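Reading through the structure tokens given below for one structure.
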Amino acid sequence: MRTYIVLLGPPGVGKGTQAELIAKTTGLPHISSGDLFRENIKDATELGTQAQSFMNKGELVPDDLTIAMIRNRLSQPDCSQGALLDGFPRTTVQAEALEKLLAEFGGKVNFVPYITASESTLVERLSGRWTCKAQGHIFHEKYNPPKKPGVCDVDGSELYQRDDDKAETVTRRIQVYFKQTAPLIAYYRERGSLSEIDGARPIEKVTADLLAVLGK
Ligand code: AP5
Ligand code: MG
């Protein structure tokens with residue numbers, strides 16, 4: 001049976017960090033909509049050009065573009081057992097589209113870990129984040145520093161600060177989350193798949209809770 005996990009939570013709460021860690025345990029591919037957009041921007045594709053202006057402002061990329069991209073990704077052979085979704089869905093329209101798409105594959109959203117933290121924690125995490133250029137591995141100058149400053153521990157590539165991690169864009173991303181994505185908390189709670197996890201604790205404690213929710 002396929003297993004689909006949706007990691008829900010505000011910008012900077014640790015979705016990408018946790019997804020990297022639990023992808024190994026679950027054996028499911030980690031699919032981050034933000035990473036897919038950033039790859040398209042790096043490769044200067046048509047989709048990348050369309051997405052970039054929204055991302056730089058901290059706004060959501062339109063649903064039709066986002067849904068088409070995820071549909072394509074979830075249809076790849078490595079998703080035959082399911083997937084670990086990070087950053088998608090982010091609107092009710094996307095959640096409904098995902099439900100239909102997974103039904104086509106004979107699956108459904110099985111688990112929705114909803115990770116929480118205060119707004120001040122989110123801002124502190126985003127302002128200290130360093131991301132790897134080659135593959136998007138995630139570090140924090142204080143909470144998860146790389147062994148060598150500016151260099152990714154995993155693949156040795158250069159670390160950079162995401163364009164959308166500057167202060168005014170972070171504020172907008174958090175506002176957009178509360179307006180457009182927070183309604184998904186009720187959406188998944190009603191469907192019985194939501195589990196709330198306190199994300200304001202050390203990385204390994206959050207991972208342990210996540211694995212418990214997933215029965216691992
Ligand atoms: P996306 O890339 O998804 O960004 P986001 O949701 O804003 O989330 P982040 O990646 O910023 O945070 P995260 O929760 O992954 O935290 P992380 O693990 O890095 O989206 C970017 C943009 O793309 C959107 O604004 C939008 O424009 C577009 N987009 C993407 N998906 C879309 C969609 N579905 N629809 C429309 N548009 C879409 O951790 C953050 C920092 O904290 C790191 O430095 C990390 O080391 C540190 N950290 C993590 N956990 C802990 C911990 N427990 N304790 C201390 N530090 C920690
Ligand atoms: Mg992320």
Side-chain angles (χ1 to χ4, degrees), residues 6-23 30-41 47-48 50-71 73-74 84-95 97-98 113-118 120-132 135-146 152-153 159-166 169-182 184 197-210:
V6 167
L7 283 183
L8 191 63
V13 80
K15 302 181 296 296
T17 300
Q18 296 299 332
E20 268 182 32
L21 295 167
I22 64 173
H30 168 202
I31 298 179
S32 155
S33 43
D35 285 351
L36 290 175
F37 284 131
R38 281 183 287 277
E39 277 164 29
N40 275 278
I41 291 170
L47 176 62
Q50 288 168 314
Q52 190 164 30
S53 58
F54 296 98
M55 292 174 75
N56 285 349
K57 286 184 285 192
E59 304 293 337
L60 295 185
V61 178
D63 283 333
D64 54 345
L65 296 178
T66 307
I67 292 165
M69 176 179 78
I70 292 292
R71 167 183 278 278
R73 183 63 189 90
L74 286 177
L84 174 55
L85 288 161
D86 154 16
F88 182 91
R90 247 187 171 81
T91 63
T92 308
V93 171
Q94 291 179 17
L98 180 65
Y114 162 44
I115 313 176
T116 62
S118 70
S120 58
T121 300
L122 304 176
V123 171
E124 195 200 1
R125 287 186 185 174
L126 291 175
S127 60
R129 171 165 61 187
W130 287 93
T131 304
C132 129
Q135 295 181 66
H137 297 115
I138 305 160
F139 299 88
H140 190 280
E141 59 188 16
K142 187 162 148 201
Y143 300 117
N144 184 22
C152 177
D153 289 354
L159 301 180
Y160 76 106
Q161 267 189 307
R162 270 170 48 180
D163 283 344
D164 61 349
D165 280 348
K166 52 178 190 287
T169 319
V170 163
T171 308
R172 182 61 193 148
R173 283 163 60 203
I174 294 173
Q175 283 171 347
V176 166
Y177 167 80
F178 282 112
K179 188 151 185 271
Q180 294 182 263
T181 305
L184 294 184
I197 291 175
D198 177 7
R201 294 169 306 143
I203 293 173
E204 59 280 6
K205 291 236 158 45
V206 178
T207 309
D209 276 12
L210 263 168

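Just so it is clear, the values below take in all heavy atoms, side chains as well, and ignore hydrogens, waters and symmetry mates. Just so it is clear, the model here is predicted, and its values are computed rather than measured. For ligands, and for the atoms within them, numbers begin at 1 and follow the listed sequence.
- More than 12 heavy atoms of other residues, nucleotides or ligands shown are found within 6.0 angstrom of CZ on Arg201.
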Would you give me the side-chain donor-acceptor pairs under 3.5 Å for residues 54-62, sequence neighbours excluded?
| residue | atom | partner | partner atom | Å |
| --- | --- | --- | --- | --- |
| Glu59 | OE1 | Arg172 | NH2 | 3.4 |
| Glu59 | OE2 | Arg172 | NE | 2.8 |
| Glu59 | OE2 | Arg172 | NH2 | 3.4 |

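- Nearest protein heavy-atom contact of atom 40 (C) of ligand 1 is Gly12 O, 3.7 Å.
- If you number the atoms of ligand 1 from 1 as listed, the ones under 4.0 Å from a heavy atom of Ser33 come out as 30 (C), 31 (N), 32 (C), 34 (N).
- Proximity of Ile174 to Val123: side-chain heavy atoms (C-beta onward) are separated by under 4.5 Å at one or more points.
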Show me, pair by pair, the donor-acceptor contacts under 3.5 angstrom made by side chains of residues 16-23, not counting sequence neighbours?
| residue | atom | partner | partner atom | Å |
| --- | --- | --- | --- | --- |
| Gln18 | OE1 | Thr207 | N | 3.3 |
| Gln18 | OE1 | Thr207 | OG1 | 2.6 |
| Gln18 | NE2 | Ile203 | O | 3.2 |

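- The CZ atom of Arg162 lies 7.5 Å from the CG atom of Leu126; values are rounded to the nearest 0.5 Å.
- The backbone of Pro202, and not its side chain, has at least one atom closer than 4.0 Å to an atom of ligand 1 (non-hydrogen atoms only; backbone = N, CA, C, O).
- Between Arg125 and ligand 1, at least one pair of N/O atoms sits closer than 3.5 Å.
- Checked by distance only, ligand 1 and Gln18 stay at 3.5 Å or farther apart across all their nitrogen or oxygen atoms.
- No N or O atom of Phe54 sits closer than 3.5 Å to an N or O atom of ligand 1.
- Between Arg201 and ligand 1, at least one N/O pair is under 3.5 Å apart.
- Residue contacts with ligand 1 for Leu126 involve side-chain atoms from C-beta outward but no N, CA, C or O (heavy atoms, distance under 4.0 Å).
- Residue contact check for ligand 1: Arg38 places a non-hydrogen atom closer than 4.0 Å to it.
- A distance-only check finds no donor-acceptor pair linking the side chain of Gln52 to the backbone of Phe37 [under 3.5 Å].
- Considering backbone and side-chain N/O atoms, Phe139 comes within less than 3.5 Å of an N/O atom of ligand 1.
- Among protein heavy atoms, atom 49 (C) of ligand 1 sits closest to Thr17 OG1, 3.5 Å.
- Residue Phe37 has no N or O atom closer than 3.5 Å to an N or O atom of ligand 1.
- Within the 4.0 Å heavy-atom criterion, neither part of Lys205 lies near ligand 1.
- In summary, the side chains of His137 and Asp153 do not present any donor paired with an acceptor at a separation below 3.5 Å, with no hydrogens or angles considered.
- Side-chain atoms of Lys15 come within 3.5 Å of backbone atoms of Gly9 as a donor-acceptor pair (strictly under, hydrogens ignored).
- Among the atoms of Asp35, none of the N or O lies under 3.5 angstrom from an N or O of ligand 1.
- Between Arg90 and ligand 1, at least one N/O pair is under 3.5 Å apart.
- The line from CE of Met69 to CG of Leu74 is 10.0 Å long, rounded to the nearest 0.5 Å.
- Of the possible polar contacts, none joining the Arg129 side chain to the Ile138 backbone as a donor-acceptor pair under 3.5 Å is found.
- The shortest distance between side-chain heavy atoms of Pro89 and Val6 falls below 4.5 Å.
- Residue-to-ligand polar distances keep Asp165 apart from ligand 1: every N/O pair is separated by 3.5 Å or more.
- A distance-only check finds a donor-acceptor pair linking the side chain of Asn40 to the backbone of Leu36 [under 3.5 Å].
- The backbone N or O of Asp164 sits nowhere less than 3.5 Å from a side-chain atom of Thr169 that would complete a donor-acceptor pair.
- Counting heavy atoms closer than 4.0 Å to ligand 1, residue Thr66 contributes side-chain atoms (C-beta onward) but none from N, CA, C or O.
- For ligand 1 and Pro11, the ligand atoms under 4.0 Å from any heavy atom of the residue are 5 (P), 7 (O), 8 (O), 12 (O).
- Here is the list of ligand 1 atoms found below 4.0 Å of a heavy atom in Gln94: 33 (C), 34 (N), 35 (N), 36 (C).
- Contact of the Phe178 side chain with the Pro10 side chain is not registered, since no non-hydrogen atoms from C-beta on lie closer than 4.5 Å.
- Taking distance alone, with nitrogen or oxygen atoms compared against 3.5 Å, Gly16 approaches ligand 1 more closely than that limit.
- Contact between Glu141 and ligand 1 is absent, with no heavy atom of the residue lying under 4.0 Å from the ligand.
- For atom 23 (O) of ligand 1, the nearest non-hydrogen atom from the set Met55, Glu59, Glu20 belongs to Met55.
- When each atom of ligand 1 is checked for a heavy atom of Tyr143 under 4.0 Å away, the hits are 55 (C), 56 (N).
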